[in-house]
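All values derive from a computational prediction rather than experimental measurement. Chain A is the first sequence line, chain B the second, and so forth, proteins listed ahead of strands; every chain is numbered from 1.
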2 protein chains.
Amino acid sequence: MHCGEMGSRWGFNRTIGQMCGLLIITKNPMTANEIADALSISRGNVSMGIKELQSWQLIRVQHIPGDRKEYYAPAGDIWDMANRVFEERKKREIEPTLTLLRDNLLDEASNDDELYAQKQMGEIHNLLETVTKWSSELQRLTPEQLNKLMKLGSGIGKVIDLKDKIFKKE
Amino acid sequence: MHCGEMGSRWGFNRTIGQMCGLLIITKNPMTANEIADALSISRGNVSMGIKELQSWQLIRVQHIPGDRKEYYAPAGDIWDMANRVFEERKKREIEPTLTLLRDNLLDEASNDDELYAQKQMGEIHNLLETVTKWSSELQRLTPEQLNKLMKLGSGIGKVIDLKDKIFKKE
DNA sequence: ATTTAGTTTCTGAAATTACTGAAAGTTATT
DNA sequence: AATAACTTTCAGTAATTTCAGAAACTAAAT
């Protein structure tokens, strides 16, 4: 139920949130009908939800030999799923804006106000670009490196300073 | 207009998104009426929007001496604002879940299925906690350090390995 | 105390989004 | 080819969200 309430904050809707939560905490893969029963929602709704969750790559189908039904299970572990949600949201929340800003920055400003507007848009553009670049590079780290990095916390500041000192001459 | 379309993805609604965008790209502070006119929306709607944007700490009131009207302007620079949105969303999207998970993990599992559910919830809990901790520690860095870190990109992997080598003995 | 210039709150209408249930579609089995 | 066991689509309905505009409120100026 909580996943339902949070669903829309996380980028989908109530039912879809519930479905996702249910599949995560349920040990065995479930059929569409089982999902509908468990959450008291219509079969059709489940079908739509499945489609949506698949488009987020959060669930996958599993076939059980000798059984014709389709069984659904989470696709990957919790970390994988979080990553996918993050990526998908980046695509929806950041990329369109980045494109628009780029286009706008190409126009020539014809007065002071426009100049100011462009300056501000430039700032936003830089910020978003930095964030996307950084986040995709984080994903390139091995889980082990990532773990170390997280544990480091704000200690990272010291490491950066250290690195600076060592390579000062370059 | 684009800020309007994106508004709901960013956590507020169309009108509020537009208001925020307008205030950012406009050089001088604006009155509520100017905002209403510029966006062709009702005065009441602007008032609600202002309240909401203030709750996100994205805009601030400015009084102009000898003028009775209230003027509104963005609160802080782009980076500040992004930070606030990020913080606010963390509060809305992560913290409630963290609380719920903690409560649930205190219950004793009474069978195998519950045990599995708890294991999964534990995973989510860890993930969310790591992310929140890390993000709040990043904010403790000076803007300069942060900038260096961002520029480092995937080079961060090498720096971590370096640090490991140096402090191997500890 | 009244007027005036402004802000906020609130109601119901409009627009959007989500959901159901029935019908259509698909695929394995006989 | 017909049936049976499922899944998907879709039209209409229900629920939610957003919004305008009127009414209520507040405070400065007279």
Side-chain angles (χ1 to χ4, degrees), chain A residues 1-23 28-56 58-73 89 92-93, chain B residues 1-23 29-56 59-73 89 92-93:
Chain A
M1 292 308 112
H2 175 81
C3 290
E5 283 154 42
M6 284 291 133
S8 50
R9 298 199 188 283
W10 279 94
F12 14 78
N13 68 30
R14 184 155 49 89
T15 321
I16 292 178
Q18 290 178 352
M19 288 176 54
C20 191
L22 178 65
L23 287 174
N28 301 311
M30 300 178 80
T31 64
N33 276 318
E34 284 169 348
I35 297 172
D37 288 351
L39 301 174
S40 311
I41 58 178
S42 75
R43 184 61 187 71
N45 202 3
V46 171
S47 182
M48 305 218 254
I50 286 169
K51 223 169 87 186
E52 177 78 4
L53 285 171
Q54 278 174 333
S55 89
W56 286 74
L58 291 175
I59 62 173
R60 66 193 167 77
V61 202
Q62 205 172 46
H63 283 280
I64 294 189
D67 189 336
R68 200 153 128 198
K69 290 189 275 297
E70 319 220 274
Y71 286 78
Y72 298 95
R89 288 180 71 171
R92 299 178 182 205
E93 298 176 5
Chain B
M1 292 309 113
H2 175 81
C3 289
E5 284 154 41
M6 283 290 132
S8 49
R9 299 198 188 284
W10 279 94
F12 14 79
N13 68 31
R14 183 155 53 89
T15 321
I16 293 178
Q18 290 179 352
M19 289 177 53
C20 191
L22 178 65
L23 288 173
M30 300 178 82
T31 64
N33 276 317
E34 284 170 348
I35 296 172
D37 287 351
L39 302 174
S40 310
I41 57 177
S42 75
R43 184 61 188 70
N45 203 359
V46 171
S47 181
M48 305 222 252
I50 286 169
K51 223 170 85 188
E52 176 78 5
L53 284 171
Q54 279 173 332
S55 88
W56 285 73
I59 63 174
R60 68 195 167 74
V61 201
Q62 205 171 44
H63 283 281
I64 293 189
D67 190 335
R68 199 155 128 198
K69 290 189 275 299
E70 317 221 276
Y71 286 79
Y72 300 95
R89 288 179 71 172
R92 300 179 183 202
E93 298 176 3

Worksheet item: Which residue, B:Ile16 or A:Ala32, contacts DNA chain D at a nucleotide closer to its 5' end, judged by nearest heavy atom?
Response: A:Ala32

When the side chains of residues 3-22 of chain A are checked against the rest of the protein, which donor-acceptor pairs come out under 3.5 Å, sequence neighbours left out?
unit_1: A:Arg9; atom_1: NE; unit_2: B:Arg92; atom_2: O; d: 3.3
unit_1: A:Trp10; atom_1: NE1; unit_2: B:Glu93; atom_2: O; d: 3.2
unit_1: A:Asn13; atom_1: OD1; unit_2: A:Thr15; atom_2: N; d: 3.2
unit_1: A:Asn13; atom_1: OD1; unit_2: A:Ile16; atom_2: N; d: 3.0

Would you give me the side-chain donor-acceptor pairs under 3.5 Å for residues 32-41 of chain B, sequence neighbours excluded?
unit_1: B:Asn33; atom_1: OD1; unit_2: B:Arg43; atom_2: NE; d: 3.4
unit_1: B:Glu34; atom_1: OE1; unit_2: B:Thr31; atom_2: N; d: 3.0

Worksheet item: With a non-hydrogen cut-off below 4.0 angstrom, is A:Thr31 in contact with a base, only sugar-phosphate, or nothing?
Response: nothing

Worksheet, complete the sentence: Whether each nucleotide of nucleotides 21-30 of chain D has a protein heavy atom under 4.0 Å at its base (B), only at its sugar-phosphate (S) or at neither (-) is summarised, 5' to 3', as B-----B---

Item to complete: Walking along DNA chain C from 5' to 3', note the first and the last nucleotide with an atom under 4.0 Å from a heavy atom of chain B, and give both.
Response: C:dT4 to C:dC10

Practice prompt. Check whether any side-chain N or O of A:Ser47 sits under 4.0 Å from OP1 or OP2 of D:dT7, and answer yes or no.
Written response: no

Worksheet, complete the sentence: Per the under-4.0 Å heavy-atom filter, residues of residues 2-14 of chain B near DNA chain D come out as B:Asn13, B:Arg14

Item to complete: Could I get the full list of salt bridge (charged side-chain N to carboxylate O under 4.0 Å, His left out) partners for A:Lys69, not counting sequence neighbours?
Response: A:Asp67

Fill in: With sequence neighbours excluded, residues passing side-chain contact (heavy atoms from CB on, under 4.5 Å) with B:Gln54
B:Ile50, B:Ile59, B:Val61, B:Tyr72

Item to complete: Mind calculating the distance between CD1 (A:Ile41) and P (D:dT7) to the nearest angstrom?
Response: 14 Å

Fill in: From CE (B:Met48) to OG (B:Ser42), nearest 0.5 Å
7.0 Å

